[in-house]
Asks: 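This is the structure I want to talk about, given as structure tokens.
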Amino acid sequence: MRVLTLNPGSSSLKSSLVVDGTPVGWAAISLDDAARQALDRWSTVDTVAIRFVHGGSRTGPVRLTPDVVDALEKLNPFAPLHQPQAVRLAREVFRLRPGLPVIASFDTAFHSHLPAEASRYALPREWTSQGRLRRYGFHGLSCRHAARRVAELLSDGKPRLLCCHLGAGVSVTAIRGGRSMDTSMGFTPLEGPAMATRSGSVDPGLVLHVMRTAPMSVEAMEDALYHRSGLAGMSGTGGDLRAVLAREAAGDPDATSAVAVYLHRIRREIGAMAASLDRIDAVVFTGGVTEHQPELIARLAARLGVFGITVDPARCLGDGDRVLSPDGAPVTVFAMGTGEDVELARDAEAVLSVEHV
């Protein structure tokens, strides 16, 4: 089966052609007229698979219809950097290629069976009784790929691992036997470590204080937390880690502090997620930071020895999927691609195969 995968980010889109489970070509393209660009590049496909960050209560992939897309659009406020782009892509494909099956995969689906102690917020029962105000979790396709690959590589059907997705968004997920046990992102992709432009977890009392004393509208606060915080806010840059690291190397104190906070908060989440497992067999670092700033992984891991997590700095500088930990280390540490295109294609094939039975 020839599957065109569309993986929208906040400012660009990764498209890939996956044939019978193997990626054979990919491209990063502008979100402007993205569906047309991708379909022109790979015109002969059997289906299109789109990554949606938020699926609400959905627990698996679905074939999209206009009504389903309308329902998914209502989730835009909960993932405003990504969800609107996926909705727009789906509608563009409907318009450009009527009749072509379009399958949606949801990052939240991987976390849909989180244990109650990990999914529930300590809020009034009348708020949470219907199950909607909960911790949803994100980066699910990346986590699922990491769990599947670790099981293959370690020949262990039920490995206990931490998946550290380090990109513009950052999350850490505890996985046991292929199931999410806990994760750092919550009701929205704001929770967790500091990110490129997102704040990560902030004391809600601080937010209330700022809104009382500024004063500030909900929309202005949302813009600040999603677009003007994280590395961008701390360093005074646009949030691109490469620019922040360059300023740090030049001795800029704001950039130096920003990188220290960024690494500390990731380490803290790794410790929190480790507590959700009774042992750690593996750690997977994935995402754009792992791919493009591998030397930062060695810095990140330098203070994780208390968990048995160590890396060989020389191995961090390699390419592709690889083991970073020294031979004989108690925890096997991997660097991996996110594999989201492979997971999107797997989902599309599964949905269509059921339809054809």
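Values reported hereafter were calculated over all heavy atoms of this structure, with side chains retained and with hydrogens, waters and symmetry mates removed. What you are looking at is a predicted structure, and each value in this text was computed from that prediction instead of being measured.
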Asks: Check whether more than 12 heavy atoms from other residues, nucleotides or ligands sit under 6.0 Å from atom CG of Asp278, and answer yes or no.
Replies: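 It does: Asp278 CG has more than 12 such atoms within range.
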
Asks: Scan side-chain atoms only and decide if Ser16 and Asp341 contain a donor-acceptor pair under the 3.5 Å cut-off.
Replies: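 Side chains of Ser16 and Asp341: pair found under 3.5 Å.
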
Asks: Examine the side chains of Asn76 and Gln83 and answer whether a donor and an acceptor come within less than 3.5 Å of each other.
Replies: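 Not at all, the side chains of Asn76 and Gln83 share no donor-acceptor pair under 3.5 Å.
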
Asks: Please confirm whether Arg134 makes a cation-pi placement over Tyr136, using NZ or CZ under 6.0 Å from the six-membered ring centre and within 45° of the ring normal.
Replies: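 Judged by the rule, Arg134 and Tyr136 form a cation-pi pair.
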
Asks: Got more than 12 heavy atoms from elsewhere within 6.0 Å of CZ, Arg2?
Replies: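 Yes, CZ of Arg2 has more than 12 neighbouring heavy atoms, counting only those of other groups under 6.0 Å.
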
Asks: Do Glu92 and Arg36 come within less than 4.5 Å of each other through their side chains, counting heavy atoms only?
Replies: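 A side-chain contact under 4.5 Å is absent here.
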
Asks: Any donor-acceptor pair under 3.5 Å linking the side-chain atoms of Thr173 with those of Thr183?
Replies: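 The answer is yes; a qualifying pair exists.
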
Asks: Within the structure provided, determine whether His165 and Cys143 are in side-chain contact (heavy-atom separation under 4.5 Å).
Replies: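 Side chain of His165 against side chain of Cys143, heavy atoms only: no contact under 4.5 Å found.
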
Asks: Do Ser180 and His111 meet the criterion of a side-chain donor-acceptor pair at a distance under 3.5 Å?
Replies: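 On atom types as modelled, these side chains qualify, holding a pair under 3.5 Å.
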
Asks: Return the set of residues passing salt bridge (Lys or Arg N to Asp or Glu O under 4.0 Å) with Glu291 (not counting sequence neighbours), or none when no residue passes.
Replies: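 Counting only residues at least two positions away or on another chain, Glu291 forms no salt bridge (Lys or Arg N to Asp or Glu O under 4.0 Å).
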
Asks: Sequence neighbours left out, what passes side-chain contact (heavy atoms from CB on, under 4.5 Å) with Thr332? Give chain and number order.
Replies: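 Partners of Thr332 under the side-chain contact (heavy atoms from CB on, under 4.5 Å) test: Leu154, Val323, Ser325, Phe334.
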
Asks: Excluding sequence neighbours, so at least two apart, what forms side chain to side chain donor-acceptor pair (under 3.5 Å) with His54?
Replies: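 In terms of side chain to side chain donor-acceptor pair (under 3.5 Å), with neighbours along the sequence ignored, His54 is linked to no residue.
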
Asks: Between His227 and Thr197, is any side-chain donor less than 3.5 angstrom from a side-chain acceptor?
Replies: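 No, Thr197 and His227 have no side-chain donor paired with an acceptor closer than 3.5 Å.
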
Asks: Got a second to check how far Met336's CE is from Ser142's OG, nearest 0.5 Å?
Replies: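 The distance works out to 10.0 Å.
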
Asks: Would a 4.5 Å heavy-atom cut-off, applied to side chains only, mark Val170 and Arg198 as touching?
Replies: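 Of all side-chain heavy-atom pairs linking Arg198 with Val170, none is under 4.5 Å.
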
Asks: With side chains defined as the heavy atoms from C-beta onward, is the minimum distance between Arg268 and Ile270 less than 4.5 Å?
Replies: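 No. Closest side-chain heavy atoms not under 4.5 Å.
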
